Asks: 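Questions regarding the structure given below will be posed in turn.
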Amino acid sequence: MSEPSNAPASHGTLARSRRMMLLDTSMKVLYPSILVLAMYFLLAGHNRPGGGFVGGLVVGGALALRYVSGGAQAVRSTFRLPPHLFLGLGLLMSASTAFVPVVLGGSILEHGDTTFHLPIFDKVKVTSALPFDIGVDLIVIGLILMAFAAFGEDVPDAPGAADDGSDAPSPALKIRSKP
Amino acid sequence: MSVLLAFAAAFLFATGTWMLLQRRLSRILIGVGLVGHGSNILLLMSGGDGGVSPIIDTADPSEFADPLPQALVLTSIVITFGVTAFLLALGFRSWRITHDDVVEDDVEDRFIARRHETDQAIAEEELAERDQAVEEGRR
Amino acid sequence: MFFLLLLHLVIGIAIVAAGKMLGRRAFLVAAIAPLVTLLWAAAKAPGVLDGDPVTESFAWIPQLGIDIDMRLDAFALLMVAVISGIGLLICIYSMGYFSHDKPGLARLAGVLVLFAGAMLGVVLSDQLIALFIFWELTSVTSYLLIGNDDTNPRARAASMQAIFITGAGGLVLLAGLIIIGQAGGTYRMSELLADPPTGGAVNAGIVLVLIGAFTKSAQAPFSSWLPAAMVAPTPVSAYLHSATMVKAGVYLVARLAPMFAMTGSWRLVVMVIGASTMSIGGLRALRQTDLKLLLAYGTVSQLGFMMLLLGVGEYHIAEAGLVLILAHAAFKAALFMVVGIIDHETGTRDITELHGFGPSWRLVQVVAVVSAASMAGIPPLFGFVAKEKALDGYLEHGDFAGATAVLVVIVLASILTFAYSARFVLGVFGAFGDVDRPVVSRTAHAPGAVFVGPSVVLAVATIVFGIVPGLLDDLVEGATTALYPASEPKALHLFAGFNTALLLSVVIIVCGVLLTVLRTRVTGVQRRASEVIRPIPSGEQGYLGVLRGISAVANRVTATVQNGSLPIYIAIIILTVTLVPAAAFATEIGPLPQWVEEPAHVVLVAVMVAAALGASIVRHRIAAALMLGAVGYAMAGLYVARGAPDLALTQFSIETLSTVLFVLVLRFLPRSWRHRAPSIAAPMRIAVAAAVGVGIFIFALSAGNARSSVDEPSMSEVMVEQSLPKGKGHNVVNVILVDFRGWDTMGEITVLLVAAIGAVSLARPGRRRSDDHAPVFEEILDAGDEPALPEPLR
Amino acid sequence: MNALIPLPIIVPLLGASLCVIAARARWIQRIVSLSALTCNMIVAITLFVRVDDRDMVVMQAGGWPVPLGITLAVDRLSAVMLVVSSLMLLAVMVYAIGQKAEESRYAAFNPVYLVLAAGVSASFITGDLFNLFVAFEMMLVASYVLLTLGGRPDQVRAGMSYVVISLIASTFFVTALAVIYAATGTVNMAQLAERMPELPPGVATGFSLLLILVFGIKAGLFPLFFWLPDSYPTASGAITAVFAGLLTKVGVYAIIRTQTLMFPPDARQGTLLLVLAGLTMIVGVLGALAQDDLRRMLSFHIVSHIGYMIFGLALFTLAGVAGAVFYVVHHIIVKTALFLVAGLVERRSGSDRLSRVGGLVRSAPVIAVLFALPALSIAGLPPFSGFVGKFALVSAGIDSQDWLIVGVSLLVSLLTVYVMVRIWSNVFWGEPEDPAIVAWIASEESRVPRLMTASASVVVALSVALMVFAGPLYNYAERTAADLLAPQRYIESVLGSDAP
């Protein structure tokens, strides 16, 4: 995992940066274990409490931790994919799962399952709910990544009149100044 | 279903309403959150009395809490979360524009209200002209 | 008949579309439509006059009873002759009137043709709703024609007035027609005539129909739009506002009178309104100095006259009305044409500015004299024939209540008619002209043949039909029989012997001459009288008052209701949505359920209540957000206590994440709330909040108690049963989410996706591409080439 | 054939996901959106033909029989709504591309627009009350984003009101679902229809009122509509058009569907609906009269006409409901056309303030014609479809002897004519005095892109086609009303004929 390059802490006092280092180290342990937990929730959801939403939200919690330790940049660089792809692929996955049975002549979102015989796990039952749930999971992760992208950055520009002008959509659109 | 929970829902609705009637988006947002919690309690209560977790083979199905409202509440929570995130973005944008999060009155509506107060209707000009014509016609 | 309507539509649209290309020739193209109609009517005339009407039908919306049934009977034929005959002349006349190509000329010509088509539709429809459709189309086209000179604010105002008044009348008419149609079981006039409906609703319906007809035919007190419409170009005034459209109301009354004259208050209403219109119009005409306005008020008066003849439901009298329609079309159109010629050549039509026309104007003056004399009822002209017939009708057949009074009014108003006709003639000859004023009449060059020709044709017709009225016997008798199948119409005569009617005519003429000779004194009396009646609002002022009232009410209501304040909107909405249903629920509230399900709930609810109270009281944003978080965690606890671990997990994670997001955003905002005047005072807010709380409490209790009255099991019972066998999962909630009700989840994740995209594009729009991991939605991809609109100046 | 039912939802969603993935490639987004919306249109028309020809079609999502799964059902009402909405969505999409505004600038437009399309279709298709909530949310969240795309100050302000009030409406929808499930143990509409009569009358009435008011917020009923005219006009032409045309009508649809299907005749709120309808009509049209801004006028005007639709429904007679259905269809098309043309007006004349613009009949005759046709129609002038709708409603009202509402609707009709005449007289007649406007109109920049004019013309042509085909359409509306007033067939189709 990358070091917190532009985290606010790096400019802080020694004690504070040590504290951050501590957090950083603990993150190294915590972070993967949270991801494993998320994986568990995702896969076990059909039989135990959990599921795509919970899985995704737990990943979101992990991201929140990373945000605290490394700032927005750390959240951004967590995954290789840009966040909108999570959203797009997630919806594509869920929607396709829903759509494929229609193409095969069934009903939308029709349930299907198969049982694999794998060497170690012996029998693994996979239902159509799984890809659907993975899609859900991806979207939740995408949402959280996007949310951090939207609000997570440190104060962008000094508040001031220039702020609005600099990223106002364009001069092209009429600003309807009312009486 | 119990009086206590009904009261809790009603109370959340009441405090939420109080917050919704404020001018600040941040307070309104909190109001939305409270009212949302209130409606979720109602939804949860709609399945009757609580019970054990509805997970097959862990208990007798007759002791299960009604699972459907749970699923519905979950859906509603998640949707509210998404919309809240969007509203936050709106508040953020508002701050970038005005450095505040006051929900202002609609300017055009206020304009019409003022015009009403000063009694200057749009058609007044046209009417004045026609008035003159009438007077001439009466001569 | 449909081909005629279609022809008008096509020609009209083509002329408008051709725009400037045609120039003045647009009117030549326009003339094709009435010419074809005339030829067609001439071809059909023999059969129709033999009592064999031509019909065509088109089922448009049969379920609603809206069929476009067309029927050419003799009355329709008479109207078609007027519409197309005058229309043709007007087209030719317009070639002279619009001597220069003006912008908007094509619009005018095109819409004129469209109007002619609509007017044909009115008189050819045998079905009330079809008639109404064309009726409204004449209003719309009239609006466009009056406002054709759209840069003139007076034209715009006049067109608005016309469509407002006739539009209002149209809607009243529609209601009346529907009532009559429903009572009669059909909208076909030929069927209604055979079996007219009766009853209380019908009595109301016919009054509504009459009001509609009165607005269209400029009856008092709805006549104000007609003089105002004189701002339109003279060909339009001559065509629409004297010869055709204003007769639509009279036409409708004439059609319905045979069915309803004896029903309810029809006859009384018609007589009162017709008589007052006839006299008021005459009086006001006598005061005008503007020749066109004089004619306009004259038209109002004549329309009242026609109402009195055609509306009382007595065929002898109606026969006179039919003659009057023809006579009026001939002399009034000619007079308007004369005014247009004068206006066009001299630049004025004010009688105080006109005098001293040169000898080249003789022809015009002859037309004016002939036509005005016809209007005044001087033999041997067409107008005299009509008036004799009318007087005779009332004398011989006015055996219903009020007929004598009406006859008196007719005589008196006819004296006025004579007087204003004379005033017109004197005006044209320059009798009122102020000799000291600079005038152009002397130097005005004489109008060309095309310009004068149409009015000459009309004047000739006035003379011919005056001397030999028998030429029209077939048409008028046929039309009378078409209206009153059982009638035995009498032939027309210029001289019907020395009878009372003739005596009355002599009286009218003598009195009229007297009035004219003593005109300065009459003017004085009138001025004093007008001082007396000044406080009584005129129709014009009534219209303005209505308009002003609408504007004031609109502003007041909108300012009150739509006050722009979000808190007030929310308060109203939330109160309505809570209290209205709560009132219904409260009737079935039932007994209170158990107080507490589980002791743990008490603690959780206590935390919830405390945190909610805290969130609504603290003045620190982040603290408030954390309090909200606390409510959320208490909710998660409640979910655990009620056996909902999935929910608890979700609630817990979401609450954490939302609190983080809240804090992330709120950190930019000022720490606490500064005071700002609230839209709603605190006590009101508390009251609203409390009311909502009570409402929700009632919802919960009564809904919970109602469960016992439904026998069927909850839908979730099957879900629990089928979770493992069909959904292949132990966790019922998850099976519901991804399998049984996966479709909900599908929608739900879509909501998340959109919210995520929206949040990013809203929070930081306009940033340039920074790195690959930045969400692309915050960029403006393509600067776009939408041009900048000018900044509003207000 | 049943397999077609979910397509109007799932196809736009697949399209939306592709549009998100291809966020940077505008041309891919456009191809995807246009093909998804075209596909929707084809599917909708096919369903329409089939449903009218034979019988309503039902699909249980996931193949789960009723109490387990979610019912998707297309009957005549759904089918016609699907057809009209898919036509409008496609036309407006083309217009948006032509406009070169939001669509060109923001990657979010295409996917969000597709989700809006999916949400609208889902609302019409679903036979499950909770799923209706989800469908509403899809549509609403998409509308939030579209409304605020660009983040201009006025959009943010309007967006806040709009989002907050919609959220409140959604919360009350959830509350309604909660109490309905608590009392009946189901959220399937067909099952609800069976169970409602068993409830104590006060409770059933309460549910009926609650649903009317919750949907009334979205539909824009008095006194719940205030947010509408404040928010709609702030978006750009294309977006306002689709909002004005479709979103409120989804609320109206929901009211019609739930009131006719779920509630027994004695729980129906005819009188209350009539009162609301009358007030909505009057206050809406008065609001329109008080405005000086073209799109605000038209927005208030939407409210006024929602009243007409509710008026028809409130009679609960064949003629009344048929009139309401006809009016809904008419209003979607004609109102969309008007807003699209209003966009053209604004582009061409540089402003949409009545007091500033003028003379367009000379500078832009084509726009004038494009405006005149739907304006005549909305004003209820014959022979346009607005007249047919008004006629149907007024005769239904007279038939039911509800004189007051007939009078109100005629009065409002007159005021509508007045509103349209005022617009015409100020925008198309006269001359602009403002030099900035004059200069703008003379400038090359004010040329309206062809694609905008073309798509607006298509919608205007559709509104004229409504007049030509008013007979068959009204027939269809009458059949629809017959279905709606005899909900037993719907219930049987969903639950199977063995249902009690």
Side-chain angles (χ1 to χ4, degrees), chain B residues 1-4 6 8-15 17-21 23-24 26 30 33-34 37 42 50-57 61 65-68 70-71 73-75 78-79 81-82 85-86 88-89 92-93 95 101 103 105-106 109-110 112-113 116 121 123 126-127 130 134, chain C residues 157 540 551 555-556 558-559 562 564-567 570 592-597 601 605 609 612 615-616 621 624 628 631 635 642-645 647 650 654 661 665 668-669 676 680 685 689 692-693 696-697 700 704 716 720 723-724 730-733 736-737 744 748 751-752 755 758-759 762-763:
Chain B
M1 169 80 181
S2 64
V3 174
L4 179 72
F11 189 82
L12 289 176
F13 261 95
T15 46
T17 305
W18 159 266
M19 293 296 269
L20 284 173
L21 299 182
R23 269 186 182 280
R24 305 272 161 186
S26 35
I30 289 170
L34 290 173
H37 284 317
L42 285 179
V52 300
S53 320
I55 294 175
I56 311 279
D57 294 343
D66 191 339
L68 182 64
Q70 295 187 15
V73 172
L74 205 146
T75 306
V78 174
I79 286 178
F81 173 63
F86 179 77
L88 276 171
F92 185 79
R93 180 79 201 159
W95 167 76
D101 64 341
V103 182
D105 289 353
D106 188 272
D109 288 338
R110 295 317 301 165
I112 287 165
H116 163 63
E126 297 165 19
L127 294 174
R130 309 273 303 123
V134 179
Chain C
E540 173 84 10
S551 172
N555 278 325
R556 171 173 286 256
T558 310
Q562 191 78 18
S565 167
L566 181 62
I570 293 180
L592 284 184
Q594 56 182 324
W595 283 87
V596 177
E597 259 175 61
H601 289 182
V605 169
V609 166
S616 44
R621 284 193 173 83
L628 178 64
V631 177
M635 288 288 291
R642 299 247 327 178
L647 263 185
T650 314
I654 277 191
L661 292 185
V665 171
F668 296 123
L669 294 169
R676 179 116 188 282
I680 308 175
R685 273 179 287 166
V692 170
I696 295 295
F697 193 71
S716 57
V720 174
S723 171
L724 196 56
H730 289 81
N731 183 352
V732 184
V733 175
I736 293 178
L737 278 176
D744 278 345
E748 185 188 349
V751 170
L752 291 187
L762 186 57

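Remember, predicted model here, so these are calculated numbers, not experimental data. For the numbers below, each heavy atom of this structure counts, side chains included, while hydrogens, waters and symmetry mates do not. Within every chain, numbering begins at 1; the chains are lettered A, B, ... in the order of the sequence lines, protein sequences first and strands thereafter.
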Asks: If you count heavy-atom pairs within less than 4.5 Å of chain B, which of C/Gly693, C/Ala700, C/Ala689, C/Ala644 leads?
Replies: C/Ala689

Asks: Is there side-chain contact between C/Phe697 and B/Val3, with heavy atoms separated by less than 4.5 Å?
Replies: yes

Asks: Chain C: which of B/Gly82, B/Pro61, B/Ala71, B/Ala9 shares the most heavy-atom pairs with it under 4.5 Å?
Replies: B/Ala71

Asks: May I ask you to test the B/Thr17-C/Ile570 pair for a side-chain heavy-atom distance under 4.5 Å?
Replies: no

Asks: Among C/Val609, C/Thr558, C/Val631, which has the most heavy-atom pairs under 4.5 Å with chain B?
Replies: C/Val609

Asks: Given a strict heavy-atom distance threshold of 4.5 Å, which part of B/Val73 is in contact with chain C: side chain, backbone, both, or neither?
Replies: both

Asks: Please state whether the side chain, the backbone, both or neither of C/Ser723 comes within less than 4.5 Å of a heavy atom of chain B.
Replies: side chain

Asks: Could you check whether any side-chain N or O of B/Gln70 sits under 3.5 Å from a backbone N or O of C/Gly643, counting only pairs where one atom can act as donor and the other as acceptor?
Replies: yes

Asks: Could you measure the distance from the OG atom of C/Ser616 to the CG atom of B/Leu20? Nearest 0.5 Å is fine.
Replies: 11.5 Å

Asks: Is B/Leu88 close to chain C through its backbone or its side chain, or both, or neither, when contacts mean heavy atoms under 4.5 Å?
Replies: both

Asks: In terms of heavy-atom pairs under 4.5 Å with chain B, which of C/Val596, C/Ile654, C/Asn731 leads?
Replies: C/Ile654

Asks: If you measure from CD1 on C/Ile736 to CG on B/Leu74, what distance do you get to the nearest 0.5 Å?
Replies: 11.0 Å

Asks: Among side-chain atoms of B/Asp66 and C/Ser716, is any donor-acceptor pair under 3.5 angstrom?
Replies: yes

Asks: Determine the option with the most heavy-atom pairs under 4.5 angstrom with chain C, choosing from B/Ile79, B/Leu12, B/Thr75.
Replies: B/Thr75

Asks: Once ring-ring contact (aromatic ring centres under 6.0 Å, His included) is applied, do any residues pair with B/Phe13, and if so which ones, sequence neighbours excluded?
Replies: D/Phe172

Asks: Top residue by heavy-atom pair count (under 4.5 Å) with chain B, among C/Ser565, C/Gly704, C/Pro645?
Replies: C/Ser565

Asks: Minimum heavy-atom separation for C/Arg642 and B/Ala65, please, with both atom names.
Replies: O-CB, 3.3 Å

Asks: Under a 4.5 Å heavy-atom cut-off, does chain C meet the side chain of B/Leu42, its backbone, both or neither?
Replies: side chain

Asks: I need the residue from C/Val605, C/Val665, C/Leu647, C/Val692 with the largest number of non-hydrogen atom pairs under 4.5 Å to chain B.
Replies: C/Leu647

Asks: Say you draw a straight line from CG of C/Leu661 to CZ of B/Phe92; how long is it, rounded to the nearest 0.5 Å?
Replies: 12.0 Å

Asks: Specify the closest pair of heavy atoms between B/Ser2 and C/Glu597, including all atoms of both residues, with the distance to one decimal.
Replies: CB-N, 3.9 Å

Asks: What's the shortest heavy-atom distance between C/Ala759 and B/Ala85, and which atoms?
Replies: CB-O, 4.2 Å

Asks: What is the distance from atom CG of B/Leu4 to atom NE2 of C/His601, rounded to the nearest 0.5 Å?
Replies: 8.0 Å

Asks: Report yes if some heavy atom in the side chain of B/Pro67 is under 4.5 Å from a heavy atom in the side chain of C/Val720; otherwise report no.
Replies: yes

Asks: Could you tell me which residues satisfy ring-ring contact (aromatic ring centres under 6.0 Å, His included) with B/Phe11, sequence neighbours excluded, listed by chain and number?
Replies: B/Phe7

Asks: Nearest heavy-atom pair of C/Ala612 and B/Leu34: which atoms, and what distance?
Replies: CB-CD2, 4.0 Å

Asks: Considering only heavy atoms from C-beta outward, does the side chain of C/Val751 approach that of B/Phe86 to under 4.5 Å?
Replies: no

